[in-house]
Amino acid sequence: MSRFTHVVWLLVFASVYQSAAADKPNIVFILADDLGLGDVSFHARTLLKKEPIVETPTMDALASQGMWFTDGHSSTALCAPTRYAVMSGNNNYRSYAPWGVWSTFGRSAFPDDDVTLGSVVRDAGYSTGFVGKWHLGGDFAIPGSREFFRGKKNGDLTGMVDLTQMVSGGPRDCGFDYDFTAPCGIQGPIYLLYENQTWYPLAEDSQLLFLNDKTIKQPEDLRSKGPGMGDSNWNARELGKLLSSKAVQFIQNHQDSEQPFFLYYCSPMVHRPHRPTDEFDNHRVKGATPSAHLDMLIDLDLQIKRIVNALKKIGEYENTLLIVSSDNGGLRDPIASKVGYQPGGGWNGSKNSPLEGGHRVPLFAVWPGQIEPGITDELAVTHDMVATFAALAGTSLPDGQALDSNNLLPLLIGEGTFQTREYFVQQAGSEQQVMFRRASWKLIMQSNFKRSQCEPIALYDLEHDPHEDTNLLNDVEASDRSRQMLDEYLAIVESGRPTAPGR
């Protein structure tokens, strides 16, 4: 074949490929930070039959128009490990860093040839965008060297690392054509933003500085993780507005495009530090609720409202699958608890906990005309998005990849055969507990960091004890069950076999 003929065939193939992609719906996946069931007023009013402490009207409207999962879970009970699972479709024990890549300068956990949340739709012809919190490491150069910096993320790193460019290991290497990234979200360090993996100065006079109480304009912005490198104009109070404006721009850029788009929006709200803005799109935020933490819920809800309005403005809302969830359970709030706030929304536990409130989170999907509004008790987890989006886009998952991601599409649209999980493998947070659930039975185990040892510490029957008040581990009638579940869990993890049904 001549070079000219080869080029002609490539152009024909590209034309057919783009035409097929144009018939597919857009996808928007919003992953909030530390959003618990107790934070969404739809859950309080609809599931608990209680008046909510804070109203979240945008999320409520979406939830009422779509499918709400009462048994929806984050992949883990903590941020960074969940983000790995969401991006890869794998449980965290398959990663070189099973408890998360926490450092801004940590090596990426994604091999170059593995599919990701971004690549499964990009490869099907989608335009892909990532906006928000990353928290999955990255490759930054050491000045004058070909090596990447792998040192500490806090402290004064002036001259030790080139922060003007994320060379690799970021969203662009995970299937995203565009990114506007906060490597650590709102909490830092580092306190910087990147557009297409290049430093995005917050103002014309921005400088890269070591930010501490003396050099940062608002010392309260450092109250979560402490001093670190950052933009001299860092302002955590305005971050939600900036990130959501970039998400809106990404959507608006597709107004007249025949190419479908995928937006993965990772809001850093409602993570600490709780720095509410005074107002957001003419809505009062600071002081609008009993606590600064709950004020941030208003900020989050208004971010989502911007995205929804942008979809409607370009006429793509009804042609978009929109899913909202959280990276882990909600935060305890001593101030708000005085007026009845409970992060788990009736479930025991909160962020970092192996109890249900640590990982049972808001999860709902909207697609007007395709998803029938209602409530489902089917178990779903955030890392199911890889298989779900691949099925929607028409991408086949390669053998040996996204092994724990279950395709939710048949359940969402009522077409095809949905396969229910027979069991659920999960992990909690910084105390290295792991969980194994079969039907309503849930075993909590204490592992060491490398999981080579697991010791059962609690057994609950969620059907009869949903609040996890009664530990049945030493119950004579349940002793055989705990041993069987431990053996099954170890066999699953050690064999490496898929946990997603049908894989």
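The figures that follow rest on heavy atoms only: side chains count, while hydrogens, waters and symmetry mates do not. Given the structure is predicted, the values throughout are model-derived calculations rather than measurements.
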Pick from Tyr126, Phe250, Phe29: which one makes a ring pair (Phe, Tyr, Trp, His ring centres under 6.0 Å) with Tyr264?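 Exactly one option meets the ring pair (Phe, Tyr, Trp, His ring centres under 6.0 Å) with Tyr264, and it is Phe29.
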Could you tell me if the ring centre of [X] sits under 6.0 Å from that of [Y]?
X      : Y      : result
Phe389 : Phe262 : yes
Tyr200 : Tyr194 : no
His383 : Tyr84  : no

Any ion pair linking [Y] and [X] (charged N to carboxylate O, less than 4.0 Å)?
X      : Y      : answer
Asp34  : Lys351 : yes
Glu195 : Lys246 : yes
Lys442 : Glu463 : no
Arg437 : Glu422 : no
Arg122 : Asp177 : no

Is the ring pair Trp68/His43 parallel, tilted or perpendicular, if the boundaries are 30 and 60 degrees?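 Parallel.
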Mind jotting down which residue pairs meet the salt bridge (charged side-chain N to carboxylate O under 4.0 Å, His left out) criterion with at least one end in residues 304-333? Sequence neighbours excluded, please.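 Pairs touching residues 304-333 that pass the test: Arg83-Asp327, Asp281-Arg306.
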Contact list for residues 389-411, test salt bridge (charged side-chain N to carboxylate O under 4.0 Å, His left out), sequence neighbours left out: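 Residue pairs passing salt bridge (charged side-chain N to carboxylate O under 4.0 Å, His left out), neighbours aside: Arg94-Asp404.
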Residue pair Val54, Ile298: steps toward the side-chain contact (heavy atoms from CB on, under 4.5 Å) verdict: CA-CA 8 Å; Val54 179; Ile298 298 177; 4.3 Å; yes
Tell me the closest heavy-atom pair linking [X] and [Y], and the distance in Å.
X      : Y      : value
Pro373 : Ser64  : CB-O, 3.5 Å
Thr181 : Pro183 : O-CD, 3.5 Å
Thr116 : Cys174 : OG1-O, 2.5 Å
Ile323 : Ala365 : CG1-CB, 3.7 Å

side-chain contact (heavy atoms from CB on, under 4.5 Å), that's the test. Do Val386 and Val120 meet it? Break it down for me. CA-CA 7 Å; Val386 174; Val120 294; 4.1 Å; yes
Side-chain heavy atoms of [X] within contact of [Y], under 4.5 Å:
X      : Y      : result
Leu78  : His359 : no
Leu31  : Tyr265 : no
Trp99  : Thr76  : no
Trp234 : Leu202 : yes

Assess the residue pair Thr56 and Ser41 against the criterion (side-chain hydrogen bond (donor to acceptor under 3.5 Å, both in side chains)); give the C-alpha distance rounded to whole Å, side-chain angles, the decisive distance to 0.1 Å, and a yes or no. CA-CA 6 Å; Thr56 52; Ser41 50; 3.0 Å; yes
